[in-house]
Amino acid sequence: MSDDSDAKQVRSIFISDLHLGTRGAQADLVLEFLRAYDAPRIYLVGDIIDGWRLKNGWYFPQAHNDVVQKLLRKVRKGSKLVYVTGNHDDFLRDYTGLQFGGITLVDEIIHETADGRRMLVIHGDLFDLVVRNAKWLALLGDWAYTVALVLNHGINKVRRTLRLPHWSLSAWAKHKVKNAVNYIGEFEQCLADEARRHKADGVICGHIHHATQRRIDGLDYINTGDWVESCTAVVEHDDGRFEIIRWPQHRFRGENPGLSAASAPQRPAPVLVGEAA
């Protein structure tokens, strides 16, 4: 099953908001992460390919294609890939339920952890009132966000030269604006309520580009973050414990990214409730 012989083996990987097809996508860092971690089950939690931006002009450089090919290579090596649709790749929602070659396309799904918890996996855009009720406003915000990313790109080129971690101008601004902070809190509460409606023990989502892991009213709320601003993903370890991976900080700290495939224990893929045979 292992794709890279030195990759760290975990039980599940959750990654979202790559926004491939945009100039802000950190495709090289995504590729580094996918080389460093491997799992029998990989969840793409929405906004992987940015259909909104591609409609306005084709931009898909080799680095973006390399990420897609890397994921497909993992599938060929035995990993199961679950693609959860988001708002920027909502063109795929017409094909929900489709299964082909180890890839399953869904709008939401229940993941069962190693310790028996049921986690709702969903992108989260359906609980964003701006996206649902005022798409023109969401598109305007997307344009402003793109401007911030252009500025951020120059800042981080300098920071990488100084071996400093990735820093996000837009994320900093969001956490300084009271309305944005309130929005994040309301979004998290809505997702926790949705998990309860599904009789789940928690939720794993993306959409708002804010990686976090916390308890809300007795449920686990986990947001995978993104690969435009924060460059984060979530992994599930063999004991069911979730961890937010911040990249490339792990690499900068000089941590060993993995364990050889020969010494890695073989494990069955996680169980998805309601998965088609």
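Everything numeric here is computed off the predicted structure, so don't read it as measured data. Note that the numbering runs from 1 along the sequence shown for the chain.
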query = Between H64 (side chain) and G21 (backbone), is there a donor-acceptor pair under 3.5 Å?
reply = yes
ask   = How many angstroms lie between CZ in F33 and CD1 in I15, if you round to the nearest 0.5 Å?
value = 5.5 Å
key: Heavy-atom pair of closest approach, residues K74 and Y37   = NZ-O, 3.1 Å
Common cluster, V106/M119, ILVMFWY with side-chain heavy-atom separation under 4.5 Å = yes
query = Which atom names give the shortest non-hydrogen contact between I216 and R196, and what distance separates them?
reply = O-NH2, 4.5 Å
request  = I would like to know whether R23 and R53 meet side-chain contact (heavy atoms from CB on, under 4.5 Å); could you show each step before the answer?
outcome  = CA-CA 10 Å; R23 297 183 185 278; R53 194 53 48 81; over 6 Å; no
task = Any chance you could measure H207, atom NE2, to S16, atom OG, to the nearest 0.5 Å?
result = 10.5 Å
ask   = Which heavy atom in I110 sits nearest to a heavy atom in A200, and how many Å separate them?
value = CD1-CB, 4.3 Å
request  = Report yes or no: does T96 contribute a side-chain atom to a donor-acceptor pair with the main-chain N or O of L105 at less than 3.5 Å?
outcome  = no
request  = For I48 and Y83, run side-chain contact (heavy atoms from CB on, under 4.5 Å): C-alpha distance rounded to whole Å, both residues' side-chain angles, the deciding distance at 0.1 Å, then the answer.
outcome  = CA-CA 9 Å; I48 304 304; Y83 195 129; 3.2 Å; yes
Residue pair D50 / H88, side-chain donor-acceptor N/O under 3.5 Å = yes
message = Contact between F187 and C205 at the side-chain level, heavy atoms closer than 4.5 Å - yes or no?
response = yes
ask   = Is the side chain of R117 donor-acceptor paired with the backbone N or O of G240 at a distance under 3.5 Å, no angle test?
value = yes
task = Calculate, to the nearest 0.5 Å, the distance between atoms CG and CZ belonging to D238 and R11 respectively.
result = 8.0 Å
query = Given the side-chain rings of H111 and F14, with only the six-membered ring counted for Trp, is the space between their centroids under 6.0 Å?
reply = yes
ask   = Side chains of D226 and H19: do they bring a donor and an acceptor to under 3.5 Å?
value = no
message = Between E236 and R41, does any NZ, NE, NH1 or NH2 come within less than 4.0 Å of an OD or OE carboxylate oxygen?
response = no
ask   = Should the pair D220-R215 be classified as a salt bridge under the 4.0 Å nitrogen-to-oxygen rule?
value = yes
Main-chain N/O of A39 paired with S79 side-chain donor or acceptor, under 3.5 Å = yes
task = Check the side chains of D89 and T85 for a donor-acceptor pair under 3.5 angstrom, ignoring hydrogens and angles.
result = no
query = If we only count heavy atoms from C-beta on, is the I103 to L72 side-chain gap below 4.5 Å?
reply = yes
Residue pair R93 / N87: nearest heavy atoms and the distance that separates them = NH2-N, 4.1 Å
ask   = Are Y59 and L18 grouped together when hydrophobic residues (ILVMFWY) are joined by side-chain heavy atoms under 4.5 angstrom apart?
value = no
query = What distance separates L34 CG from L29 CG, expressed to the nearest 0.5 Å?
reply = 11.0 Å
note = Scanning both residues in full, the closest heavy-atom pair of V67 with V30 reads CG1-CG1, 3.8 Å
ask   = Closest approach of D239 and R241, non-hydrogen atoms and distance?
value = OD1-N, 3.0 Å
query = Can you tell me how far the OG1 atom of T224 sits from the CD atom of Q213, to the nearest 0.5 Å?
reply = 12.0 Å
key: Short side-chain donor-acceptor distance under 3.5 Å, H210 and N223   = no
inquiry  = Rounded at 0.5 Å granularity, tell me how far NE2 in H237 sits from CG in D115.
reply    = 12.5 Å
Side chains of D217 and Q189, donor plus acceptor under 3.5 Å = yes
request  = Begin with the C-alpha distance, continue with both residues' side-chain angles, and end with the deciding distance and a verdict on side-chain contact (heavy atoms from CB on, under 4.5 Å) for L126 and E194.
outcome  = CA-CA 11 Å; L126 297 179; E194 181 67 6; over 6 Å; no
ask   = Would a hydrophobic clustering, with Ile, Leu, Val, Met, Phe, Trp and Tyr connected at side-chain separations under 4.5 Å, put I42 with V235?
value = yes
request  = Evaluate the criterion side-chain contact (heavy atoms from CB on, under 4.5 Å) for residue pair I49 and L54; output intermediate values, then yes/no.
outcome  = CA-CA 9 Å; I49 297 174; L54 291 175; 3.7 Å; yes
message = Any non-hydrogen side-chain atom of D28 less than 4.5 Å from a side-chain atom of E32?
response = no
ask   = Is the backbone N or O of K199 less than 3.5 Å from a side-chain atom of R118, with the two atoms forming a donor-acceptor pair by type?
value = yes
ask   = When clusters are formed by joining ILVMFWY residues with side-chain heavy atoms under 4.5 Å apart, either directly or through shared neighbours, do I222 and L219 land in the same one?
value = no
inquiry  = Please check: side-chain N/O of W227 versus main-chain N/O of T232, any donor-acceptor pairing under 3.5 Å?
reply    = yes
